[in-house]
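A short write-up of the structure that comes next.
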Amino acid sequence: LVLSVPGWLDAHRPDRVVMVGRVTLSRPVAALMRRADVRLEAVRTHRWVEATPGVSAVHDLGVLDLPGEPAEPDHGGDGWRAAWLEAGAAVAEALDAEPPPWPTGPAVARRLLADLPEGATVFVGSSSSVRDLDLAAAGSGNGITVVASRGLAGIDGCVSTAVGLALAGKGPSYALMGDLTFLHDSNGLLIGPHEPVPELTLVVVNDDGGGIFTLLEPGEPERGADFERIFGTPTGTDLGALCAAHGVLHQRISQAEELSTALRTRTPGLRVLEVAVARTSHRAVHARLRQVAAEALA
């Protein structure tokens with residue numbers, strides 16, 4: 001959200017960005033890396049990283065062993081660093097004062113982080129869910145570990161990954177994903193009769209289709225006539241019936257307090273908490289979040 005405020009970013013831009021691995025698909029981050037007044041460098045990990053347009057230098061991956069005593073740190077950039085920290089704190093405070101409305105994806109993501117127990121692990125599905133978490137979460141002080149497979153893109157295998165993560169970890173695990181991500185790997189709900197059952201809560205934000213595309217150019221209101229068939233792709237799937245077919249506990253959540261209560265209630269085994277949201281709400285709530293950030297940094 002800080003990166004999405006052009007005037008503030010112009011006054012506090014970095015001199016260079018060092019890229020390690022594949023870059024995120026987040027548009028504000030990509031826009032920063034395309035700026036002519038920012039030097040883009042990469043760490044040598046994959047050829048396609050080195051070939052990213054605009055990369056002016058590539059560094060070998062390794063550990064630099066400096067001889068002698070370590071140099072005194074250069075505090076010349078402390079003011080710049082402090083400005084970024086203050087901006088993040090200001091936006092977080094503004095979000096606390098005006099959180100995203102319920103029920104929306106960002107509101108569910110924010111509530112999830114707020115109500116998870118200390119030390120919990122949460123797997124985040126790609127597409128809308130990871131963006132919602134990125135935008136709406138102002139930080140959590142209870143030691144939560146957030147895990148994702150491929151960042152913003154690639155919805156395949158997310159249920160199975162969350163199951164594997166829960167089986168490999170200690171204590172309760174959680175996952176946040178959209179309905180298409182959930183449906184794409186719903187066979188991950190099938191646990192063999194002789195296999196260990198994970199203690200895993202899957203929170204599914206169900207907008208009945210490809211809500212992520214409402215945030216992109218095809219979702220602009222003037223293009224709405226063709227959107228539903230090509231990009232919206234509603235499925236109408238009864239997630240409760242799907243869970244029942246796998247013997248998995250399912251609960252439909254309508255109120256924010258219901259989600260908090262469910263998350264705070266530890267339940268053995270696998271369960272699905274479904275929160276229905278309107279696909280038409282995504283564009284407006286994301287725009288409002290950016291406006292809140294801009295007002296906080298004005």
Side-chain angles (χ1 to χ4, degrees), residues 4 22-31 100-110 112 123-136 148-162 175-190 202-246 248 250-254 259 272-291:
S4 70
R22 185 174 178 84
V23 299
T24 173
L25 294 178
S26 175
R27 289 193 168 192
V29 175
W102 180 275
T104 60
V108 173
R110 189 175 177 87
L112 175 72
F123 175 83
V124 185
S126 305
S127 196
S128 290
S129 295
V130 69
R131 288 174 169 86
D132 290 339
L133 200 71
D134 185 31
L135 288 174
S149 290
R150 286 168 296 279
L152 301 179
I155 66 171
D156 51 304
C158 286
V159 174
S160 299
T161 301
L176 174 68
M177 61 188 66
D179 57 300
L180 289 186
T181 300
F182 176 75
L183 291 173
H184 199 65
D185 191 33
S186 60
N187 62 306
L189 298 175
L190 183 60
L202 291 162
V203 178
V204 179
V205 179
N206 187 357
D207 63 10
D208 192 27
I212 182 64
F213 298 112
T214 64
L215 303 173
L216 305 178
E217 287 78 3
E220 294 173 353
E222 59 270 24
R223 299 175 180 174
D226 299 319
F227 178 85
E228 192 71 356
R229 174 67 182 87
I230 301 173
F231 294 99
T233 61
T235 69
T237 303
D238 185 337
L239 300 190
L242 179 62
C243 290
H246 290 83
V248 171
H250 170 271
Q251 180 181 352
R252 287 187 178 89
I253 303 292
S254 58
L259 180 60
V272 173
L273 306 178
E274 176 189 354
V275 183
V277 303
R279 195 174 338 122
T280 54
S281 69
H282 298 331
R283 196 174 186 91
V285 73
H286 279 242
R288 181 54 192 161
L289 288 172
R290 291 192 295 270
Q291 185 178 355

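Nothing here was measured: the structure is a model prediction, and the numbers come from that model. Numbering starts at 1 and runs along the sequence shown.
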Find the distance between CG (Asp156) and OG1 (Thr161) and round it off to the nearest 0.5 Å. 8.5 Å
If you define the side chain from C-beta out and look only at heavy atoms, does anything of Glu228 sit under 4.5 Å from Pro234? yes
Do Leu183 and Leu242 come within less than 4.5 Å of each other through their side chains, counting heavy atoms only? yes
In Å and rounded to the nearest 0.5 Å, what is the CG to SG distance from Leu180 to Cys158? 11.5 Å
Do Phe231 and Leu216 have side-chain heavy atoms sitting under 4.5 Å apart? no
Identify, with sequence neighbours excluded, every residue that meets side-chain hydrogen bond (donor to acceptor under 3.5 Å, both in side chains) alongside Glu222. none
Under the rule for side-chain hydrogen bond (donor to acceptor under 3.5 Å, both in side chains), what residues qualify as partners of Gln291, not counting sequence neighbours? Arg288, Glu295
Residues Val272, Leu239; criterion side chain to side chain contact (heavy atoms under 4.5 Å, CB included); working and verdict: CA-CA 9 Å; Val272 173; Leu239 300 190; 5.7 Å; no
Minimum heavy-atom distance Phe123-Ala162, with the two atoms named: CD2-CB, 4.0 Å
Drop me the distance from Ser128's OG to Leu215's CG, to the nearest 0.5 angstrom. 6.0 Å
Pro106 side chain reached by Leu135 side chain, heavy atoms, under 4.5 Å: no
For residues 178-188, which residue pairs pass the side-chain hydrogen bond (donor to acceptor under 3.5 Å, both in side chains) check, not counting sequence neighbours? Ser160-Asp185
What residues, two or more places apart in sequence or in another chain, satisfy side-chain hydrogen bond (donor to acceptor under 3.5 Å, both in side chains) together with Ser254? Glu258
I need the minimum non-hydrogen distance between Pro101 and Ala107, along with the two atoms involved. O-CB, 3.3 Å
I need the minimum non-hydrogen distance between Leu189 and Phe182, along with the two atoms involved. CD1-CZ, 3.7 Å
How about Pro218 and Ile230: do any of their side-chain heavy atoms sit closer than 4.5 Å? no
Hey, is the main chain of Gly178 close enough, under 3.5 Å, to the side chain of Ser129 for a donor-acceptor pair? yes
Do Arg27 and Ser4 come close enough that some side-chain heavy atom pair is under 4.5 Å? no
Rounded to the nearest 0.5 Å, what's the gap from OG1 on Thr104 to CG on Leu289? Could you check? 7.5 Å
Are side-chain heavy atoms of Ile155 and Met177 found at a separation under 4.5 Å? no
Within a strict 4.5 Å, meaning less than it, do heavy atoms of the Val277 and His282 side chains meet? yes
Show your working on side chain to side chain contact (heavy atoms under 4.5 Å, CB included) between Val108 and Trp102 and close with a plain yes or no. CA-CA 8 Å; Val108 173; Trp102 180 275; 3.8 Å; yes
Is a side-chain donor or acceptor of Arg279 paired with a backbone partner of Thr214 at a separation under 3.5 angstrom? no
Atom CG in Asn206, atom CD1 in Ile253: separation rounded to 0.5 Å? 13.0 Å
Donor-acceptor pair, distance only, cut-off 3.5 Å: does the side chain of Arg110 make one with the backbone of Gly105? no
Can you measure from CG (Leu176) to CG (Leu273) and round to the nearest 0.5 angstrom? 11.0 Å
side-chain hydrogen bond (donor to acceptor under 3.5 Å, both in side chains) partners for Thr237, two or more places apart: Thr235
Sequence neighbours excluded, the answer for salt bridge (charged side-chain N to carboxylate O under 4.0 Å, His left out) partners of Arg252 is Asp238, Glu274
